[in-house]
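Throughout, residue positions are numbered sequentially from 1 according to the sequence presented. For clarity, every value in this text was computed on a predicted model and none was experimentally measured.
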Amino acid sequence: MQNLLDLESLSTPDIENLLDLSQNMVEILDRPIKKVPTLRGKAVVNLFFEPSTRTRNSFELAAKYLSADVINVQKSGSSVEKGETLWDTARNLSEMAVDGVIVRHRVSGVPQQLADILDIPVINAGDGSHEHPTQGLLDALSIIQAKGSLRDLKVAIVGDVLHSRVARSDIWVFLALGARIVLVGPPWLLPESYEEIGVEITTDLRQALVDADVIQVLRLQQERQNSKELPSLWEYHLRWGITRQTLSWAKPDAIVLHPGPQNRGVEIDSDILDGSRSWILRQVRNGVAVRMAVLFRLLGGGLDE
Ligand code: ASP
């Protein structure tokens with residue numbers, strides 16, 4: 001592994017290895033003193049050209065817990081606003097002897113293009129509607145912690161699949177680990193092409209939730225839709241919202257995931273989000289562990305704690 005651009009092209013052993021390593025990192029996070037010297041002397045750049053709370057801060061903390069130095073570059077305030085291309089920005093930053101670049105961009109494929117021109121590892125922190133590989137890994141890790149493994153679990157992915165890079169990464173990792181996946185949501189937000197890779201598709205929430213072990217609720221990505229595509233939020237909630245009633249259709253021990261940020265009262269009700277079946281905050285914690293594992297794998301060093 002030289003870069004982490006997607007989960008589609010990772011082998012199952014690579015995925016399993018990263019998840020095992022992430023579980024070790026969870027143990028480091030549980031210690032009173034979390035900082036380990038593993039990446040001392042290394043530096044990474046967080047290049048975030050789209051808004052982010054969890055992912056950006058979680059990469060920064062992951063790097064810091066491993067003792068790497070981190071700089072954050074955002075579009076606003078950088079020379080991109082003066083007309084510099086992203087490629088020139090990235091090349092200049094990499095000349096400052098940094099050891100890795102973490103990039104988020106609204107255009108799919110930008111991390112791959114940076115990997116083509118840079119000779120340091122590139123990590124995709126979410127590109128357009130393409131992939132969000134560390135989110136897929138942290139979702140898988142959360143399910144493994146709750147259920148032991150993904151093998152033969154029924155996972156319902158609910159909502160705006162079309163615009164969701166999270167759904168795309170989830171699909172690859174969940175399939176690799178043996179889960180059965182059902183996509184459910186409004187017909188115009190469900191790409192039919194997924195049927196070709198063995199994913200089930202329905203617009204009927206009840207059908208998707210019956211017997212489900214895991215429910216991954218997606219944010220309705222209003223910023224990526226044209227207004228004609230959008231139903232009223234009230235109608236969306238009525239047909240595809242996760243509420244106490246719709247959750248009762250799933251297995252009694254089904255867990256609820258959401259990658260965040262959430263639209264409370266639209267795709268998920270507050271009492272579910274904050275309730276005992278919600279693994280959403282565990283996902284956030286696991287996100288730091290997964291990003292520590294990815295940085296460790298790509299930037300090298302030994303686990304000399
Ligand atoms: N935070 C996730 C992402 O960046 C999910 C979302 O925004 O809905 O893709």
Side-chain angles (χ1 to χ4, degrees), residues 1-5 7 10-48 52-72 98-104 120-126 132-150 166 169-170 173-174 176-177 214 255 257-260 278-305:
M1 249 177 81
Q2 309 228 303
N3 303 296
L4 180 66
L5 303 175
L7 296 185
L10 281 199
S11 67
T12 305
D14 264 337
I15 289 172
E16 287 170 341
N17 179 289
L18 274 174
L19 291 173
D20 287 346
L21 196 52
S22 303
Q23 190 52 50
N24 294 337
M25 298 302 179
V26 169
E27 282 149 33
I28 295 180
L29 287 185
D30 289 339
R31 295 178 188 171
I33 295 174
K34 292 167 276 286
K35 214 170 176 77
V36 293
T38 314
L39 295 184
R40 194 171 45 210
K42 304 271 182 184
V44 292
V45 183
N46 249 341
L47 208 55
F48 273 65
S52 172
T53 302
R54 274 152 295 273
T55 309
R56 195 188 66 73
N57 290 305
S58 154
F59 266 115
E60 179 167 354
L61 279 173
K64 287 180 169 168
Y65 290 152
L66 295 173
S67 299
D69 290 308
V70 189
I71 55 170
N72 290 297
V98 298
D99 301 282
V101 172
I102 299 154
V103 61
R104 164 167 291 193
I120 52 177
V122 175
I123 300 171
N124 180 2
H132 191 347
T134 54
Q135 179 74 46
L137 291 169
L138 77 89
D139 291 338
L141 180 67
S142 305
I143 298 172
I144 292 168
Q145 289 170 350
K147 302 282 172 192
S149 97
L150 271 110
V166 173
S169 289
D170 280 350
V173 64
F174 296 170
L177 299 178
V214 178
I255 60 162
L257 305 176
H258 191 306
S278 165
W279 271 62
I280 295 169
L281 289 177
R282 279 290 282 277
Q283 283 174 280
V284 175
R285 191 174 182 87
N286 284 333
V288 181
V290 160
R291 290 166 183 131
M292 287 168 79
V294 169
L295 288 169
F296 171 72
R297 267 298 291 280
L298 293 178
L299 270 59
L303 258 189
D304 49 344
E305 300 137 42

Shortest non-hydrogen contact from A140 toward L177: CB-CD1, 4.2 Å
Backbone of H132 reached by a side-chain donor or acceptor of S169 within 3.5 Å: yes
Pairwise distance NZ(K42) to CG(L295) - rounded to 0.5 angstrom: 11.5 Å
Separation of I120 CD1 from L299 CG (nearest 0.5 Å): 8.5 Å
Shortest non-hydrogen contact between R104 and S52, atoms and distance: NH1-CB, 3.3 Å
Contacts of type side-chain hydrogen bond (donor to acceptor under 3.5 Å, both in side chains), residue Q283, not counting sequence neighbours: D139
Shortest non-hydrogen separation from A125 to F48 and the atoms involved: CB-CZ, 3.6 Å
Side-chain touch L21/F296, heavy atoms, less than 4.5 angstrom: yes
Shortest non-hydrogen contact from I15 toward L7: CD1-O, 4.5 Å
F174 side chain near I143 side chain, heavy-atom distance below 4.5 Å: yes
S142 side chain to R282 side chain, donor-acceptor N/O pair below 3.5 angstrom: no
T12 OG1 to N17 CG distance, which is reported to the nearest 0.5 Å: 12.0 Å
Qualifying residue for side-chain contact (heavy atoms from CB on, under 4.5 Å) with V101, from V44, N46, N3, L47: L47
Minimum heavy-atom distance L66-M292, with the two atoms named: CD1-O, 3.4 Å
Salt bridge present between E60 and R56 (N-O < 4.0 angstrom): yes
Beyond-backbone contact of D30 with R285, side-chain heavy atoms, under 4.5 angstrom: yes
pair L150-I144: side-chain heavy atoms closer than 4.5 Å: yes
